[in-house]
Every structure is written in C-alpha cells, then in structure tokens.
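Worksheet: one structure, shown below.
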Amino acid sequence: MRKIALAVHGGCGVMPEDGMSAEDWAEARRDLAEALRAGYAVLKAGGRAVDAVEAAVVVMEDSPHFNAGHGAALNENSIHELDASIMDGETLAAGAVSAARTIRNPVRAARALMEDGRAVFLTAAAADRFAEAKGLAVEPQSYFTTEKRRQALAAMKAHAAAGTEGTENEKHGTVGAVALDAAGHLAAATSTGGYTNKPDGRVGDSPVIGAGTYARDGVCAVSGTGKGEFFIRYVVGHEIASRIAYQGQDLSAAARGVVDGDLAPHEIGAGLVAVDAEGAVCAPYNTPGMFRGWVTSEGKAFVATHETIYEVAL
Ligand code: ASP
C-alpha cells in the first residue's frame, strides 16, 4: 500500500495553557483523537481522501470544544452563521456553503454540493434549503450555542466598547482536515463559525476555495485557521501550493513562509495544517497554541494544543 497521511486542526483560537482546566484540555485532545480515528479508518480501509477529511471534520463539528457546528461562534446579532468547504485534489471539484444557519454539519452540505456539481458556492438561506433538500440534518440555532460562546460574545462586545483586544480563544477558531489516500489523491475540508462578534452576513476564508481550503493532487492539501480576511487576501492555500509547484519549495518551507512571512506583519492569529503528495504533514501556527493532530506514515497518531505533543492510540 502507498503512503497515507492525515492531519486535523481545531483552530488556532487557543488560549494560554492556564486559561482552561486540565480536564477541558484533555477533553479537547480526546475529540481531536476521535477526529483522527474517524479519518484514519477511511484511509486505512483504502478509502478516499475526500471521505476521510469529511469524516474527521464531522467529529469536530459535533464537539463543543471547537468553533464549528455545535459550539460555533456567535455573530454581532447573536446568530450563528456557518461556513464550510471541501475540495478533492484529484478532480479539483469543490463545494462550499457560507452563512448557513441551520445545517448541523456544514461540511456535509459542502460535500453534497460538490457531488451535485451545479455550483461551487451556495450561501445563506439557499444553502440551508439545499442541505434540507438533500436530506441532511438541520437544527434550530440553539443547537449550535454553548455557554462558552455566549461568554465570548459578551467579552468581545465589552472589548469593542473599551477598545481592548480579546484573547485568541474569544476571537475565533475553526476545524479542518487534510489527507493523502493510498491511491495518491489529496483532499482538504474546513468548517467554522467564523469569528466572534463578526458582522451579520460576513463570509470568512474557510469556504473560499484557494484561501482557507485547497487541494491539488501532486502538490498539497491545506486547511487554514486565523483571521480569514488575510487568508483571503493572500489566497493562502493556493499560495502554498504555488510555492511548492513553481518554486520547488518543500511543504514545511512553503507553509512557514506564508505564516511567518506574509501573515506575520499583520499581527493576526494564523495557523494551518497541510499534507503534500509524499505524505509529509506540517501544522505551523503563530498563536499561543493550536488544536491539532496528525498520523505519521508509520501509523502513529499525535495530538497537541500547545507545545507538548501526546501520542494517542488509533
Ligand atoms: N478563519 C476563520 C474565519 O475567519 C476563523 C478562524 O479560523 O479562527 O472565519
């Protein structure tokens, strides 16, 4: 069997280590490990990268610990508007939904749209209607809300009034996955509630193909997290792929170059996971931490939130 590889992130909106209890950190790591297991089971059975990234993202959308699906951020009107996308590196087919309000697992709607093939992007009520028509689970807004997100919105509104900065965790987060399957195909998927207190109708980078999500066979797959406006301006996913394809950089240098070079001067939180055509993975970030996990080509799995890396059973 050829190499398989998988990496996931639960966003770079991670607070300093003393900002959450040891139990909460352990729970978040447990959910990252579950996401890895879901994706890896697909790859190990000879399944497709695009199925693996969808399966991994669904687990993190269902977890309250990450800003996507259940536990998504609230916008300025206390509403959840959800963005997600998926891309198949083999065909360059992609699907994305933005500002959706009722879709339980937005990545599933993105996938259904990709399969449908009539459009790459669907937005707002039309995205919600599409998901429902495809038989996907829909939920009332209350399903997505957690106490932590309510508190984060109150904190961000207070910061806005006082002219102070919120913590990375109050501000944002996202979930994403990238994979290489045994047939040599790459895929990426990303899902988010965007940033806390975002403007009504704001669409971030996560559903923007080429910015927050990108996959192209023979090159790399990328899923980003951080202040989306800058990921859109620098077309981060495609930029990393271009540095590899046109400049011959390796994955890690290309990804680091974008995070530490292009994005750093803007003093924004930024991170990503990426995998290349040989199965190398990287997970650079510039915040105090990033929820992340990966499986090596030897089948060893690791999760981390800050510097300490924990091996987990698959
Ligand atoms: N990239 C997301 C957005 O801007 C937020 C994040 O990843 O923290 O919507």
Side-chain angles (χ1 to χ4, degrees), residues 7-15 28 32 57 60-61 63 65-69 71-76 79-87 96-101 106-107 110 121 123-124 127 144 148-149 152-153 155-156 165-178 188-214 222-240 255 258-259 262-263 266-274 283-292 305:
V8 301
H9 71 81
C12 67
V14 176
M15 60 178 87
L32 287 169
V57 166
M60 293 183 284
E61 285 179 336
S63 164
H65 294 292
F66 312 116
N67 173 7
L74 288 157
N75 77 5
E76 62 181 359
I79 301 282
H80 301 280
E81 292 193 330
L82 312 168
D83 296 340
S85 68
I86 191 163
M87 185 166 190
V97 293
S98 57
R101 293 187 176 194
V107 73
F121 294 103
T123 195
F144 303 103
K148 201 167 98 188
R149 294 303 173 201
L153 181 62
M156 287 308 289
E165 269 287 302
T167 65
E168 291 299 330
N169 187 59
E170 285 165 347
K171 281 192 271 192
H172 59 97
T174 286
V175 308
V178 293
T190 311
S191 181
T192 189
Y195 67 84
T196 304
N197 205 26
K198 67 183 179 178
D200 189 34
R202 179 259 188 188
V203 175
D205 61 308
S206 305
V208 177
I209 301 304
T213 303
Y214 192 67
V222 179
S223 172
T225 168
K227 192 71 192 291
E229 283 65 20
F230 292 87
F231 279 69
I232 293 170
R233 290 173 189 148
Y234 283 97
V235 201
V236 165
H238 190 266
E239 176 68 24
I240 292 169
V258 173
V259 172
D262 287 347
L263 299 176
H266 301 290
E267 295 180 0
I268 54 152
L272 58 89
V273 290
Y285 58 93
N286 67 5
T287 45
M290 179 167 82
F291 294 110
R292 61 201 188 281
T305 54

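Since this is a predicted model, take the numbers as computed values, not measurements. All ligand and atom numbering here is 1-based and tracks the order in the structure. This chain uses plain numbering: 1 for the first residue, then up along the sequence.
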Could you find the nearest protein heavy atom to atom 4 (O) of ligand 1 and give me its residue, atom name and distance? Arg202 NH2, 2.7 Å
Got the closest protein heavy atom to atom 8 (O) of ligand 1, with its distance? His172 ND1, 2.3 Å
Does the N or O separation between Glu229 and ligand 1 drop below 3.5 Å for any pair? no
Does an N or O anywhere in Thr225 fall below 3.5 Å from an N or O of ligand 1? yes
Side-chain donor-acceptor pair present, Ser206, Thr190, cut-off under 3.5 Å: no
Salt bridge present between Lys198 and Glu229 (N-O < 4.0 angstrom): no
Which option out of Cys12, Gly226, Gly173 puts a heavy atom nearest to atom 1 (N) of ligand 1? Gly226
Select the closest option to atom 7 (O) of ligand 1 among Leu272, Leu82, Thr174, judged by heavy-atom distance. Thr174
Going by the 4.0 angstrom heavy-atom rule, the piece of Glu81 near ligand 1 is neither
Angle class for the His266/Phe230 ring planes (parallel below 30°, perpendicular above 60°, tilted otherwise)? tilted
Where does the angle between the aromatic ring planes of His238 and Tyr214 fall among parallel (under 30°), tilted (30 to 60°) and perpendicular (over 60°)? perpendicular
Please name all residues satisfying salt bridge (charged side-chain N to carboxylate O under 4.0 Å, His left out) with Arg233, sequence neighbours left out, ordered by chain then number. none
Contacts of type salt bridge (charged side-chain N to carboxylate O under 4.0 Å, His left out), residue Glu81, not counting sequence neighbours: Arg101
